[in-house]
Undergrad: 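Please read through the structure below; I'll follow up with questions.
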Amino acid sequence: MSSPGPWKQAAARLRANRLAWISAWLLALVGLLSLCAPLLPIRSPIEARDVREAQAPVSPLAHFGGPGFTAPELLEPSRFDRALLAARAALFGDWQTGAWLGTDARGRDLLARLVWGGRTSLSAALIAALTSLAIGLLYGGLSGYAGGRVDELMMRAVDALQSIPFLFFVIFVGTLLSGWRTELADRYGLDREALFFVVIGAVWWLSLSRIVRGQVRSLREGELVAALRVLGASHARILLRHLLPAVLPLAVVYLALTIPSVMLFESFLSFLGLGIEAPRMSWGSLAADGAEALNPVRSAWWLALFPALAMGLVLLALNLFGDALRDALDPRGGGEERA
Amino acid sequence: MTWFLLRRALAFTLTLWVVVSVSFFLMRAVKGGPFDSERELPPAIELALRAQYHLDWPLWKQYLQYLGPLNLDAHGPTWLGGDGSNCLTGLLAGDFGPSLRYRDLSVSEILGASLPISLALGCLALAWSMPAGLLLGCLSALRRGTRTDGAVRALATLGIAVPNFVLAGLLVLVFAFAWPVLPPAGYGELRHLVLPALALGAPVAAYVARLSRSGLLEALAQEWVRCARAKGLSERAVLLRHALRAGLMPVVAYLGPAAAGILTGSLVIEKIFAIPGTGSHFVNGALNRDYTLAMGVTIVYTALVFGLNVLVDLAQAALDPRIASRERA
């Protein structure tokens, strides 16, 4: 190989962008922290204490930590989580941090809630974005590859769907499904959150399918497909092995820009009381609790500030990284930009 | 153009029909829903539901009754065997049924009272955010690479990344408590709408700034701009008459999604500022399982967004001669 491939070129361009590089590291750090939440020597996120009001943050210098940790039982740890909890017990014993970021009105530690809430927010966004990626790639690919009348019909369907304000529809369907909730959970192991994010993902693929379809269509007219046909490749093989991988860079950019909007949507729903339910938490539900605690008389400002800061920072990093990724992967330079 | 409008109208009718049908049958299938015979409803609502949908009828007939516009029961048109006293009913006659929560009101009455409030708020938000975003975007494109450009881009990214309920909280803290010039919540005068409109429009302004910046930059790099300059046009004429017109296309295309975003954002903003608009009714409806209300709002907003999208398409055709000719072809 004489010249570096497109991925390598993009990586080099990305590294030249300092802001994007910092964002990438920040995101990796946040992702790692959320993944390893049970391993960290933080307090239990759901253990309530008998306090009269929300406790203000305590500086690590004043109170660094002490014994007293109990494993959070309500959050249904998976096997992976239980292994991490065991590792934590072996490493730190029952030592836990002080209330560095303060507590809420029920005495639950905000730092721990932020870390565990990030876990929910990030995984939810990832599930929804991947669902939409899969649907968008397949739908757009099929439409572009089929061409002709099928293509026309499939794209008209996307047009029509795009004129529905989907967030209303998602909330509405979620409300309807909440009647079925226990049944779905018992029979299929789908809880409300998982359901919600699959539904979100299922409606977020529209603009991606358009982009993919355009790319696949232009590739289909080229010599590559003709050559592959002559060599005897099947349509499915051409589409799945040759055309869709060629569209992947675009899809990655799209993914990086979808995740923040899904996170924002999740926080929306949680804020309205329609998303994540107690005792679980997400950055959205924490920010909602914080917004309620903002009042001029006795303001628990830390409850609003830290969740908003966490979410704002991660969303900012995702946006910056997504923008840089698009610029890096698209040699023509950032052209079209659509919401 | 007529053909184009007709096609859009057809697509829209189909979409709405699918939405309505899926919703109706989901509503009927849900256990513990309003139509479930085992669920206990207040007698007044039970009566209203019976009058509206005739729960003892076969499902297909209830569905037809729900869609309207013809009343199929004893008071329907005479040629259908009724007495002709109440010929029209159902969705197509603009009747969304009784609200399951507010016993004395129908969904249409609630919508009629709350929709003007939400629309006023939405228009106010659009009215400040569009010009502000455009101005910032153009400024940033013209001063590309300077500190102004950097500041605008940072501001725009921030505006997209910060959730609007966080922004609303900050605005209330600053302008209602720290420096009390505006009311923190409530509805009645124009003053009450200032902070909500600011919070609601911020993400739109941010998006518009980004779109107009990249659109204008791309337009300025085109050959015909160089040509316009070469033939001696003033920089002002090049910018206003040529580059801006092409550079604004993405912004115009964004108007449809922006309207949808404003409607969605109003769910949260109306809740925070205690504004009795459609958004807060929708959220209450969803929380209280007021299915008919939630569905009515969904349908009306779908129609609203669709109408706006058609207007946007027309505006695009007016701005870009290529689109107009393509539609004609």
Side-chain angles (χ1 to χ4, degrees), chain A residues 156-157 159-169 171-180 183 207 260-261 263-265 267-268 271-274 283-284 287-288 290-292 294-296 299 301 304 307-309 311-320 323 333-339, chain B residues 7-8 11-12 14-15 18-19 22-23 26-27 30-33 36 157-158 160-163 165-166 168-170 172-173 176-177 207 210-211 214-215 218 250 253-254 256-258 260-261 263-265 267-268 271-272 282-283 285-287 289 291 294-295 297-298 301-302 304-306 309:
Chain A
R156 282 294 86 78
D159 275 347
L161 287 176
Q162 238 166 4
S163 63
I164 301 177
F166 260 114
L167 309 193
F168 288 86
F169 201 62
I171 293 178
F172 177 51
V173 170
T175 312
L176 286 176
L177 289 181
S178 64
W180 268 343
E183 197 177 328
S207 40
S261 53
M263 271 181 75
L264 215 51
F265 182 48
S267 72
F268 242 67
F271 183 85
L272 295 173
L274 298 164
W283 285 347
E292 263 163 40
L294 277 184
N295 63 66
S299 191
W301 53 268
L309 210 63
M311 190 151 70
L313 260 180
V314 166
L315 287 177
L316 197 65
L318 272 166
N319 273 308
L320 287 172
D323 283 350
E336 58 183 324
E337 188 172 332
R338 285 208 61 176
Chain B
R7 223 171 46 192
R8 290 299 301 256
F12 172 65
L14 253 165
T15 314
V18 170
V19 169
V22 167
S23 312
L26 264 178
M27 225 155 44
V30 166
K31 264 195 205 143
D36 190 9
T157 312
L158 211 64
I160 291 169
V162 173
F165 53 81
V166 173
L170 277 179
V172 168
L173 267 191
F177 295 134
Y207 258 115
R210 278 168 62 133
L211 287 173
S214 62
E218 196 169 343
Y254 173 64
L263 289 181
T264 314
L267 291 185
V268 168
K271 188 182 174 191
I272 294 178
F282 179 73
V283 172
L287 284 173
R289 303 231 215 134
Y291 300 101
M295 182 153 166
V297 175
T298 308
Y301 275 12
T302 306
L304 215 66
V305 170
F306 175 81
N309 274 324

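Note on naming: letters A, B, ... go to the chains in the order of the sequence lines (proteins, then strands), and numbering restarts at 1 for each one. From a predicted model like this one, the values you see are computed outputs, not experimental measurements.
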Undergrad: Taking atom OG1 of T157(B) and atom CG of L315(A), what is their separation to the nearest 0.5 Å?
TA: 12.0 Å

Undergrad: Sort L264(A) into side chain, backbone, both or neither according to what part of it lies under 4.5 angstrom from a heavy atom of chain B.
TA: side chain

Undergrad: I need the residue from V297(B), V268(B), V166(B) with the largest number of non-hydrogen atom pairs under 4.5 Å to chain A.
TA: V268(B)

Undergrad: What part of L14(B) is in contact with chain A, defined as an atom under 4.5 angstrom from a non-hydrogen atom: side chain, backbone, both or neither?
TA: neither

Undergrad: Nearest 0.5 Å please: distance from the CG atom of N319(A) over to the CG atom of L158(B).
TA: 10.0 Å

Undergrad: Provide the closest heavy-atom pair for G265(B) versus F268(A) in the form atom of the first, atom of the second, distance.
TA: CA-CZ, 3.8 Å

